[in-house]
Amino acid sequence: MRIAVGSDEKTGLTDNVIKYLRDRGHAVEIIGALRAGDEKLWPYVGYTVAQRVLSGECDTGIAFCWTGTGVSIAANKVPGARAALCWDDATARGARLWDDANILALSLRATSPAVAEEIIKAWLSPLDQQRDAEDLRGIQLLADLEQSAALRRTTQGGD
């Protein structure tokens, strides 16, 4: 799997996550403070991770900032991005199953390396449950809202 990993700060946590992913055979594209000469600010990091996922260059993305909130907000500015700030494996699993999330946001401040590994394992695991009719209806409603917002931007001349 090809995974975009970005952060506004290079830390022991980000190093650990990159190693964890590579040790499991994933191709990792690094973004932001993790790559020499790249823009480091959190809006760039979140948005760029989301662009890589939505363009199909990467299968999923992981974005870090101090709280995780900033990169998730920035990622969600990309049409079709569904970034989820997760603090445990159950939240990550639910975000994938019920919300069809495609970008994982993590807090540099509040996430330990061990918890990050648990979260990422859940995030990357095949869905162990089938989505029921209500799950699918919610995901479709979200897609309809996204399309409606995009249509409004187009007809109002904005982007």
Side-chain angles (χ1 to χ4, degrees), residues 1-132 135-136 138-140 142-143 146:
M1 182 177 288
R2 185 154 179 83
I3 303 170
V5 177
S7 182
D8 64 351
E9 184 179 346
K10 186 179 187 311
T11 69
L13 177 62
T14 59
D15 291 345
N16 182 274
V17 165
I18 291 168
K19 181 180 181 332
Y20 176 83
L21 293 169
R22 287 182 174 154
D23 286 352
R24 280 146 189 81
H26 299 290
V28 178
E29 180 181 340
I30 55 175
I31 295 163
L34 307 176
R35 184 171 67 195
D38 204 1
E39 173 62 62
K40 294 175 173 68
L41 289 176
W42 57 266
Y44 169 83
V45 169
Y47 194 83
T48 303
V49 166
Q51 283 182 316
R52 295 297 194 281
V53 173
L54 273 295
S55 72
E57 295 172 57
C58 293
D59 301 301
T60 192
I62 303 171
F64 296 88
C65 69
W66 189 243
T67 65
T69 306
V71 290
S72 67
I73 291 169
N76 283 321
K77 299 297 180 189
V78 176
R82 294 181 182 174
L85 175 57
C86 298
W87 53 88
D88 61 24
D89 60 338
T91 304
R93 193 173 300 106
R96 298 281 289 145
L97 178 66
W98 302 314
D99 308 319
D100 202 27
N102 51 13
I103 293 132
L104 172 62
L106 293 173
S107 168
L108 291 170
R109 179 190 66 79
T111 311
S112 72
V115 170
E117 289 179 12
E118 292 170 3
I119 292 168
I120 292 166
K121 183 178 178 183
W123 185 264
L124 297 177
S125 293
L127 296 176
D128 56 356
Q129 297 173 305
Q130 293 257 335
R131 291 177 170 138
D132 64 24
D135 298 337
L136 295 171
I139 291 168
Q140 184 58 53
L142 185 56
E146 289 169 340

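Only a predicted model underlies this, so the values are computations on that prediction, with no experimental measurement involved. Only this structure's heavy atoms are used, side chains among them; waters, hydrogens and symmetry mates stay out.
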For this session: Please test Val17 against Phe64 for side chain to side chain contact (heavy atoms under 4.5 Å, CB included), starting from the C-alpha separation and ending with a verdict.
Result: CA-CA 11 Å; Val17 165; Phe64 296 88; 3.8 Å; yes

For this session: Could you go through the side chain to side chain contact (heavy atoms under 4.5 Å, CB included) check for Leu142 and Glu146 one step at a time?
Result: CA-CA 6 Å; Leu142 185 56; Glu146 289 169 340; 4.2 Å; yes

Spacing of [X] atom [atom1] and [Y] atom [atom2] [to the nearest 0.5 Å]:
| X | Y | atom1 | atom2 | value |
| --- | --- | --- | --- | --- |
| Asp99 | Asp135 | CG | CG | 9.0 Å |
| Cys86 | Ile120 | SG | CD1 | 10.5 Å |
| Cys65 | Arg109 | SG | CZ | 10.5 Å |
| Leu13 | Glu117 | CG | CD | 9.5 Å |
| Glu118 | Thr111 | CD | OG1 | 11.0 Å |
| Ile18 | Lys10 | CD1 | NZ | 7.0 Å |

For this session: Could you check Leu104 against Ile119 for side chain to side chain contact (heavy atoms under 4.5 Å, CB included), going step by step and ending with a plain yes or no?
Result: CA-CA 9 Å; Leu104 172 62; Ile119 292 168; 3.8 Å; yes

Identify the heavy atoms of [X] and [Y] that sit nearest to each other, and give their distance.
| X | Y | value |
| --- | --- | --- |
| Ala50 | Ala81 | CB-CB, 4.0 Å |
| Trp87 | Val115 | O-CG1, 3.7 Å |
| Ala63 | Val71 | O-CG2, 3.6 Å |
| Ile139 | Leu97 | CD1-O, 3.8 Å |
| Ala74 | Pro43 | CB-O, 3.4 Å |
| Ala105 | Ser72 | CB-CB, 3.8 Å |

Is the side chain of [X] donor-acceptor paired with the backbone N or O of [Y] at a distance under 3.5 Å, no angle test?
| X | Y | result |
| --- | --- | --- |
| Arg96 | Ala92 | no |
| Ser55 | Arg52 | yes |
| Thr67 | Ser107 | no |
| Asn76 | Ile73 | no |
| Asp100 | Arg82 | no |

Close side-chain approach of [X] and [Y], heavy atoms under 4.5 Å:
| X | Y | result |
| --- | --- | --- |
| Val45 | Leu34 | no |
| Tyr47 | Val78 | yes |
| Thr48 | Glu39 | no |
| Thr60 | Met1 | yes |
| Leu106 | Ile62 | yes |

For this session: Apply the test salt bridge (Lys or Arg N to Asp or Glu O under 4.0 Å) to residues Glu57 and Arg2: give CA-CA distance (whole Å), side-chain angles for both, the deciding distance (0.1 Å), then the verdict.
Result: CA-CA 8 Å; Glu57 295 172 57; Arg2 185 154 179 83; over 6 Å; no

For this session: Kindly determine whether Asp8 and Leu108 satisfy side chain to side chain contact (heavy atoms under 4.5 Å, CB included), including the steps that lead there.
Result: CA-CA 10 Å; Asp8 64 351; Leu108 291 170; 3.8 Å; yes

